[in-house]
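Read the structure below first, then the notes.
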Amino acid sequence: MQAITRRLGHQSLRPTASISSIKSICALSDHYYGGDHPRYGSTLASHKGMGHLVRKGTGGRSSVSGIIATVFGATGFLGRYLVQQLAKMGSQVLVPFRGSEDNPRHLKLMGDLGQIVPMKYDPRDENSIKAVMAKANVVINLIGREYETRNFSFEEVNHFMAEQLAVIAKEHGGIMRFIQVSCLGSSLTSPSRFLRAKAAGEEAVLKELPEATVMKPAVMIGTEDRIMNRWAHFAKKYSFLPLIGGGSTKIQPVYVVDVASAIVAALKDDGSSMGNVYELGGPEIYTVHELAELMYETVREWPRYVNVPLPVAKAIAMPREVLLKKVPFPLPNPDIFNLDQIHAFATDTVVSENALTFMDLGIVPHKLKGYPVEYLIQYRKGGPQFGSTVSEKVNPDSYP
């Protein structure tokens with residue numbers, strides 16, 4: 001009897017055929033950092049064209065999609081929409097965060113029980129980054145900041161962190177997809193330090209991982225956005241909106257949900273998106289003035305503008321940049337008069353003529369007018385049903 005027990009025990013320790021097949025399908029290494037792969041040898045190319053990542057179930061919340069995604073920057077604006085779409089299809093999402101444990105709390109409700117896993121990390125600690133990436137087969141980098149602070153510069157956040165993630169993912173050996181989210185208009189020759197840092201980050205990622213996918217969304221519009229919310233708040237507080245340079249710069253704003261859908265579509269394809277750069281702009285091109293008009297129409301207020309020439313706007317924004325690291329206390333974050341954003345908005349930012357876009361991912365982006373900007377009704381005086389509309393404006397010269 002004891003001999004039979006020992007024999008069965010030895011058999012149970014052997015890898016079964018089903019486990020071996022799972023390992024061959026997922027192409028994951030038993031040792032995540034260099035056990036089966038040469039150090040700094042990318043394995044993304046071997047996964048290209050291997051088929052879809054989705055594994056079991058109907059694709060719903062309680063399915064098993066096969067995606068274990070580490071989403072850096074998930075607690076930001078785009079992150080919450082991306083996590084929601086990943087969790088909706090049954091993916092497990094690892095959410096690295098720093099600071100308070102309340103930061104990722106709202107994300108845990110988006111997935112099935114145990115599918116959203118907050119993990120505290122330090123972006124300057126390589127070991128903590130490896131820890132949050134260890135069990136993943138997908139890495140998505142949403143880290144970005146359009147202004148500097150006393151602790152983090154443009155280059156560190158937008159360039160060096162992206163490069164570090166790419167190096168660690170390359171060393172990992174089991175990462176099947178790496179997606180870097182950059183910014184439309186990023187260029188090494190841009191007058192904006194933010195856009196230059198984003199362009200350097202793209203180059204660094206593609207140098208380490210040529211099979212990575214780069215997404216370059218335009219200005220994103222949504223409930224927590226950093227453009228129309230700020231405009232509406234400023235207009236309600238001061239009864240006017242400053243138009244820097246007359247508001248003649250052309251931009252191509254995009255609905256944030258469409259950007260999240262594009263990232264998920266790239267994960268769900270057969271590998272055809274790997275190694276490509278996508279420029280994600282909305283279906284319509286606006287000037288800054290026209291976008292401000294849409295904001296005023298939604299909040300039902302009479303538009304009042306103050307034209308601020310570029311040199312004057314730069315002079316207003318300059319003191320914060322000069323004093324940022326010279327004073328012993330943190331300065332307020334810039335809203336309207338952000339010097340780097342003033343430089344970025346000095347030139348038109350639209351999708352290039354021959355660029356890969358939403359259409360190449362099978363997505364039709366939403367027009368802004370309507371549901372995507374309905375969140376602005378919170379700024380209406382007296383509530384959603386009150387306030388004048390643009391159609392009700394009357395020329396004062398027609399008064400009797």
Side-chain angles (χ1 to χ4, degrees), residues 71 73-89 93 106-107 110 140-144 146 179-186 198 213-233 247 249-269 273 276-299 341 344-345 348-352 355-380 384:
V71 183
T75 56
F77 174 34
L78 173 61
R80 66 189 66 202
Y81 296 94
L82 177 59
V83 169
Q84 187 270 338
Q85 293 202 26
L86 288 171
K88 186 178 179 180
M89 58 187 285
V93 185
H106 61 285
L107 301 175
M110 296 179 178
I140 304 172
N141 179 28
L142 308 181
I143 297 175
E146 73 276 12
I179 295 181
Q180 166 71 13
V181 177
S182 184
C183 184
L184 187 64
S186 59
K198 277 295 187 184
T213 304
V214 177
M215 300 288 182
K216 301 177 66 171
V219 176
M220 290 184 289
I221 303 297
T223 306
E224 306 87 4
D225 70 33
R226 303 187 184 109
I227 179 168
M228 297 186 78
N229 269 309
R230 290 175 177 173
W231 288 354
H233 181 76
T249 305
K250 293 181 180 179
I251 56 177
Q252 199 166 346
V254 61
Y255 188 32
V256 63
V257 174
D258 294 331
V259 178
S261 299
I263 296 173
V264 173
L267 292 179
K268 292 170 66 175
D269 68 12
S273 63
N276 292 332
V277 178
Y278 294 87
E279 296 189 4
L280 307 178
E284 299 169 308
I285 297 176
Y286 292 84
T287 64
V288 173
H289 179 266
E290 291 170 345
L291 193 61
E293 285 285 318
L294 177 60
M295 180 274 294
Y296 269 116
E297 179 181 354
T298 308
V299 301
Q341 290 295 299
F345 276 178
D348 296 343
T349 306
V350 296
V351 173
S352 305
L356 297 174
T357 63
F358 280 112
M359 299 302 177
D360 298 285
L361 294 168
I363 296 173
V364 179
H366 291 77
K367 292 185 177 181
L368 290 191
K369 191 171 183 179
Y371 177 75
V373 294
E374 274 191 359
Y375 64 93
L376 290 174
I377 65 174
Q378 64 182 307
Y379 296 100
R380 288 180 183 173

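Heads up: numbering here begins at 1 and tracks the sequence.
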Nearest-0.5 Å distance, OG1 of residue Thr249 to NE2 of residue His289: 12.5 Å

Contacts of Glu374 that satisfy side chain to side chain donor-acceptor pair (under 3.5 Å) - sequence neighbours left out: none

Set of side chain to side chain donor-acceptor pair (under 3.5 Å) partners for Ser186, sequence neighbours left out: Glu202, Lys216

Main-chain N/O of Ser273 paired with Thr213 side-chain donor or acceptor, under 3.5 Å: yes

Leu82 side chain reached by Leu142 side chain, heavy atoms, under 4.5 Å: yes

Smallest separation among heavy atoms of Met228 and Leu291, with atom names: CE-O, 3.8 Å

Full working for side chain to side chain contact (heavy atoms under 4.5 Å, CB included) between Leu86 and Ile263: CA-CA 10 Å; Leu86 288 171; Ile263 296 173; over 6 Å; no

Results of side chain to side chain contact (heavy atoms under 4.5 Å, CB included) for Ala344 - residues two or more places apart only: Ser192, Leu195

Rounded distance [0.5 Å steps], CG in Asn276 versus OH in Tyr278: 4.0 Å

Heavy-atom closest pair, residues Ala218 and Val254: O-CG1, 3.8 Å

Expected output: side-chain Arg226 to main-chain Met220 donor-acceptor under 3.5 Å: no

Heavy-atom pair with the smallest gap, counting every atom of Gln180 and Asn141: OE1-ND2, 2.7 Å

Chi angles and distances behind the side chain to side chain contact (heavy atoms under 4.5 Å, CB included) call for Leu184, Val351: CA-CA 7 Å; Leu184 187 64; Val351 173; 4.2 Å; yes

Residue pair Asp348 / Lys250: nearest heavy atoms and the distance that separates them: OD1-N, 2.9 Å

Partners meeting salt bridge (Lys or Arg N to Asp or Glu O under 4.0 Å) with Glu224 (sequence neighbours left out): Arg80

Reported CZ-to-CD distance for the pair Arg380 and Gln378, which is rounded to 0.5 angstrom: 11.0 Å

Contact check, side chains of Asp225 and Val256, non-hydrogen atoms, under 4.5 Å: no

4.5 Å side-chain heavy-atom contact, His233 and Tyr379: yes

Heavy-atom closest contact (Asp269 atom, Ala266 atom, distance): OD1-O, 2.9 Å

Within residues 278-292 or reaching into it, pairs that qualify as salt bridge (Lys or Arg N to Asp or Glu O under 4.0 Å) - sequence neighbours excluded: none

Note, Pro253 side chain near Leu368 side chain (heavy atom, < 4.5 Å): yes

Sub-4.5 Å side-chain heavy-atom contact between Tyr375 and Ile221: yes

Trace of the salt bridge (Lys or Arg N to Asp or Glu O under 4.0 Å) decision for Arg230 with Glu146: CA-CA 14 Å; Arg230 290 175 177 173; Glu146 73 276 12; 3.7 Å; yes

Residue list, side chain to side chain contact (heavy atoms under 4.5 Å, CB included) with Gln85, at least two apart or on another chain: Val257, Ala260, Ser261, Val264

Side chains of Tyr371 and Tyr255 in contact at under 4.5 Å (non-hydrogen atoms): yes

Full working for side chain to side chain contact (heavy atoms under 4.5 Å, CB included) between Trp231 and Val288: CA-CA 11 Å; Trp231 288 354; Val288 173; 3.7 Å; yes

Minimum heavy-atom distance Val299-Ala232, with the two atoms named: CG1-CB, 4.4 Å

Exam field: side chain Asn229 to backbone Thr223, donor-acceptor pair closer than 3.5 Å: yes

Flag side-chain contact, heavy atom, 4.5 Å: Ile251 against Val350: no

Could you tabulate the donor-acceptor pairs under 3.5 Å formed by side-chain atoms of residues 358-367, not counting sequence neighbours?
| unit_1 | atom_1 | unit_2 | atom_2 | d |
| --- | --- | --- | --- | --- |
| Asp360 | OD2 | Thr357 | N | 2.8 |
| His366 | ND1 | Asp258 | OD1 | 2.8 |
| His366 | ND1 | Asp258 | OD2 | 3.3 |

Side-chain touch Leu78/Val181, heavy atoms, less than 4.5 angstrom: yes

Sequence-distant partners of Thr349, side chain to side chain donor-acceptor pair (under 3.5 Å), two or more places apart: none

Side chain to side chain donor-acceptor pair (under 3.5 Å) partners for Gln252, two or more places apart: none

